[in-house]
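Quick note: residue numbers are just sequence positions, from 1. Atoms within each ligand, like the ligands themselves, are counted from 1 in listed order.
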Amino acid sequence: MKKIIHIDMDCFYAAVEMRDFPEYRNIPLAVGGDGPRSVLCTCNYQARKFGVRSAMSVIKAKQLCPELTIVQGRMAVYKEVSDHIREIFSRYTSLIEPLSLDEAFLDVTDSTACQGSATLIAEKIRADIYQELNLTASAGIAPNKFIAKIASDENKPNGQCVISPDKVTDFVEALSLKKIPGIGPKTFQKLQSFGFSTCADIRASSIANLTTIVGKFATSLYQKAHGIDHRELEVSRQRKSLAIETTLSADIFTENDCALVIEKLYPKLLQRLAKLEGKKIVRQGIKLKFNDFNQTTVEQQSLTAEQETFNTLLPKAFERGKGRGIRLVGLTLGFAAEDKLAVALKEKQLTLL
Ligand code: TTP
Ligand code: MG
């Protein structure tokens with residue numbers, strides 16, 4: 001049985017701002033993109049009491065909480081904090097899978113720290129983070145990634161939750177399907193309409209029956225409802241795609257205007273691509289977000305990142321708008337999976353250096 005810890009910083013960007021600027025500490029605070037048309041990256045817990053959430057538009061957030069203070073993010077600072085927490089993790093295990101700047105899985109099955117107690121290791125890591133960075137983190141400790149990730153949310157903020165192997169069944173049975181990664185609001189609604197609200201409901205069904213509702217996702221869903229997740233940590237997480245996008249200062253309504261935005265974005269995409277060494281392109285795509293916040297992506301196989309290809313994908317994406325204004329245009333590239341051996345060698349070289 002494995003011992004997995006999922007660590008997640010509490011209201012990460014907002015917490016860093018509150019740490020560095022005391023005047024933000026006791027007021028509802030959000031960290032946002034630029035301009036009144038952007039969306040929030042995150043907000044502190046005071047703001048959450050009003051219903052304000054990550055990815056909410058600034059306009060909606062202000063409606064819910066008129067006194068909300070919105071500040072610009074400072075990515076360089078968040079990155080620095082992120083590097084520091086990763087260094088803390090590495091004191092306890094070399095098996096680390098970062099998921100984002102503020103979140104990672106740790107496999108401590110064979111760690112000797114804290115007499116091998118995953119619970120104590122998680123406590124120690126959170127204490128190190130607090131002492132050295134003056135920020136709080138929450139943790140989930142469980143026999144696999146799926147349970148650990150859900151558990152880290154249970155006692156947030158500044159808490160941890162241990163689901164030992166003998167508690168897994170009780171834990172999943174009571175679990176709402178909403179909390180399962182991969183089940184968004186639409187899938188949840190669909191499952192509910194068939195009478196499935198919790199993992200206990202799924203356990204009482206069969207893969208065959210679930211396949212008629214959620215297709216290929218059925219097997220994974222059935223396993224999750226039984227608390228089963230055999231995924232290993234992806235220790236050398238590979239970048240699988242590159243995306244660059246811009247939220248426009250006013251909606252645009254013509255294909256030609258979209259093409260102009262693509263023209264502006266394209267050199268930026270090439271700049272970012274140049275920084276990623278040795279990536280083999282396999283896909284190009286274009287993303288449009290409409291003024292009702294629905295979005296669409298059109299992709300095609302491609303071995304290069306030609307501007308012309310983005311332009312040829314545009315009409316199809318544009319047509320899907322059916323006259324709606326466009327508030328965001330994005331360009332994406334998909335990369336081939338790197339050869340595992342090559343990645344391992346590259347890492348070995350790095351550690352030797
Ligand atoms: P999360 O861990 O999802 O959120 P959080 O740390 O702000 O809050 P919680 O206490 O619930 O964990 O995301 C980490 C950071 O990533 C978050 O501080 C800001 C950024 N982020 C975005 O920029 N956009 C998003 O839509 C989300 C969800 C997060
Ligand atoms: Mg977080």
Side-chain angles (χ1 to χ4, degrees), residues 5-21 24-25 27-35 37-61 64-65 68-86 88-89 96-106 122 125-126 129-130 133-141 145 148-161 176 178-185 237 241 243-247 287 289 293-295 327-328 330:
I5 300 175
H6 178 255
I7 294 260
D8 188 307
M9 302 294 288
D10 301 322
C11 62
F12 182 43
Y13 295 1
V16 173
E17 297 308 318
M18 292 197 292
R19 177 192 72 177
D20 295 348
F21 301 97
Y24 295 150
R25 279 181 204 162
I27 58 169
L29 178 79
V31 177
D34 43 352
R37 291 169 52 83
S38 63
V39 293
L40 302 182
C41 296
T42 191
C43 60
N44 67 3
Y45 283 76
Q46 278 106 310
R48 291 183 199 194
K49 284 189 202 147
F50 292 83
V52 177
R53 293 285 178 270
S54 299
M56 187 177 269
S57 73
V58 168
I59 295 170
K60 171 121 193 260
L64 291 169
C65 177
L68 183 69
T69 298
I70 302 174
V71 297
Q72 292 293 301
R74 294 177 300 147
M75 284 311 295
V77 182
Y78 311 146
K79 176 76 176 59
E80 223 168 86
V81 172
S82 180
D83 290 344
H84 191 137
I85 61 172
R86 280 185 202 169
I88 292 175
F89 301 156
I96 302 165
E97 178 183 341
L99 296 173
S100 67
L101 284 185
D102 91 320
E103 195 187 339
F105 285 119
L106 278 56
I125 288 175
R126 292 174 45 241
I129 292 175
Y130 189 70
L133 288 158
N134 204 9
L135 292 168
T136 62
S138 297
I141 300 101
K145 295 209 287 191
K149 169 125 180 152
I150 292 173
S152 70
D153 227 23
E154 289 289 296
N155 295 321
K156 230 177 202 310
N158 197 17
Q160 66 181 54
C161 170
S176 164
K178 251 192 247 177
K179 295 210 176 166
I180 295 187
I183 300 192
R237 253 188 155 238
S241 63
I244 182 152
E245 55 187 45
T246 182
T247 299
K287 170 173 150 186
K289 194 186 265 183
F293 283 85
N294 281 310
Q295 63 183 47
R327 74 185 320 270
L328 173 148

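- Ion pairing between a basic and an acidic side chain is recognised when a charged N comes within 4.0 Å of a carboxylate O; Lys179 and Glu154 show such pairing.
- Around the Mg ion (ligand 2), the protein contributes the following N, O or S atoms at distances under 2.8 Å: Asp8 OD1, Met9 O, Asp102 OD2.
- Residues Phe89 and Ile125 are in side-chain contact: their nearest non-hydrogen atoms beyond the backbone lie under 4.5 Å apart.
- Listed by chain and residue number, the protein contacts of ligand 1 are Asp8, Met9, Asp10, Cys11, Phe12, Tyr13, Cys41, Thr42, Tyr45, Arg48, Ser54, Ala55, Asp102, Lys156 (heavy atom within 4.0 angstrom).
- Using cut-offs of 30° and 60° on the angle between ring planes, the pair Tyr78 and Tyr13 is parallel.
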**Request:** Would you sort out whether Ser138 and Asp10 count as a side chain to side chain donor-acceptor pair (under 3.5 Å), showing the intermediate values?
**Result:** CA-CA 7 Å; Ser138 297; Asp10 301 322; 2.8 Å; yes
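- Salt-bridge formation is detected for the pair Lys149/Glu103: a Lys NZ or Arg NE/NH1/NH2 atom is positioned less than 4.0 Å from an Asp or Glu carboxylate oxygen.
- No side-chain heavy atom of Thr42 sits under 4.5 Å from any side-chain heavy atom of Phe12.
- Using a 4.5 Å cut-off on side-chain heavy atoms (C-beta onward), Leu135 and Arg19 make contact.
- At least one side-chain heavy atom of Leu133 sits under 4.5 Å from a side-chain heavy atom of Ile85.
- More than 12 heavy atoms of other residues, nucleotides or ligands shown are found within 6.0 angstrom of CZ on Phe21.
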